[in-house]
Amino acid sequence: MGLGTTLGRQLRQWLIQNPEALKSGRAIANRLIDALGAEDGLKGPIRDLANQPLLLHLLHGEGASQASARASLVAHIRQTYSPEVQAELEDLLNAACGQAPPPSAPSSPPSAPKPQAVEGQLRPTLRRLEPLAPGLVLSACGALVLSWFGQELDRLIFDGWGWSGGMVLVLGLASLSIGPWRQPLRHRWSLSSEQATRPREVWRWISAPWVHGNGVEAAVNLTVLLIVLGNSPLPLGQVILRYSLTALACLTLAAICAERWTIQRTWSGSSGAVCALIGLAAGSSLLHWKLLVFRPLGLSIPAWVLLLLVGALQLGWQLPRQQSGEDSTALQRLLASSCSWGLILGLLWALISRLQEWL
């Protein structure tokens, strides 16, 4: 899938979510340019396409009117632009109106394999990552800065108090999930699938793991973090670094899946990191064939109990569609959630650790 298909699917998603906001060519152009990022070669053609009145007929029309507008736009594109730009703009139109690209004329099979085949197969994956690149880079750098800040706080304050890094992390997350400021923070700091590709909102990649959009989910996640990390020997800087990078990995994979299947999602909170810890604990317990038990406040809680309880709650939260117009399967919606990828990454890490012991 090329950049044109990515932009077309994003445009279709915006249309499903709020069609009234796409009633003018300027609004369409601004959104597409923001989503385009650093691909300067397409900014002019896309702005020109967005200013075509026929594009509004294509997006808001039906039946013969939509087909006629699409045919006229394709003819205009083929008369104006180079073949590379033509292909991207036609892909954008096809994806925006939910139609498959027209079949190409049959050609004779090549006599020998071309070395460009592997490169062509890699391009869709790289193109899918391009719109997310600013957020990924900023979030990775932010994780290092937060880790340094946590290290300094630990040295100046919490180390003298005897508080563990896990306890400080839980208290920090709790302070952002309660109080009169929780509602504004949920709105301003969370990350949606639409915002994930906007260069002007890349800071949400850093802030999203630190706020919770659901009060019940916040209580569950913080309780699990307290059980698993309450007595962690790791310093605060290391705890924050591992938490931030784990959340970033889960968000990245979930955002790629949401973009791939045009799923509307809003990500926030520590679900990815929490499920990664549970997956690591449950996987290690299974691979060592030994019961792993956490003992908070005198209780004995096996890792498999946390896996079943948190897994059941997350299924109830993640399976429903967040938008009524979505056409996605239950598995696709699960893969577009950070908690599912957290569980998968935790299990993989447990397997890698076990393999290292065997080797």
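We count residues from 1, following the sequence as given. Because only heavy atoms are used, hydrogens play no part in the values below, and waters and symmetry mates are left out as well, while side chains stay in.
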Looking at residues at least two apart in the chain, or sitting in another chain, which of them share a side chain to side chain donor-acceptor pair (under 3.5 Å) with E194?
W14, R31, R198
Give a yes or no answer on whether the side chain of T329 reaches the backbone of Q332 with a donor-acceptor pair at less than 3.5 Å.
yes
Note, Q151 side chain near L236 side chain (heavy atom, < 4.5 Å)
no
Counting C-beta onward and ignoring hydrogens, is there a side-chain heavy-atom pair between V137 and V202 closer than 4.5 Å?
no
Give a yes or no answer on whether the side chain of S340 reaches the backbone of L334 with a donor-acceptor pair at less than 3.5 Å.
yes
List the atom of T246, the atom of A276, and the distance in Å for their closest heavy-atom pair.
CG2-CB, 3.7 Å
Considering all heavy atoms, the nearest A208-W267 contact
CB-O, 3.7 Å
Side chain to side chain contact (heavy atoms under 4.5 Å, CB included) for L93 and L55? Distances and angles first, verdict last.
CA-CA 9 Å; L93 295 179; L55 183 62; 3.9 Å; yes
L343 to G279 - nearest heavy-atom pair and separation
CD1-CA, 3.6 Å
Kindly determine whether Q13 and S193 satisfy side chain to side chain donor-acceptor pair (under 3.5 Å), including the steps that lead there.
CA-CA 10 Å; Q13 183 176 322; S193 50; 3.1 Å; yes
Gap separating the CH2 atom of W341 from the SG atom of C275, nearest 0.5 angstrom
13.5 Å
What are the two closest non-hydrogen atoms of S271 and Q314, and how far apart are they?
OG-NE2, 3.3 Å
Got a second to check how far R265's CZ is from L251's CG, nearest 0.5 Å?
13.0 Å
Donor-acceptor pairs under 3.5 Å, side chain of residues 168-179 to any protein atom, not counting sequence neighbours: which ones?
unit_1	atom_1	unit_2	atom_2	d
S175	OG	G172	O	2.6
S177	OG	L173	O	2.9
S177	OG	H212	ND1	3.3

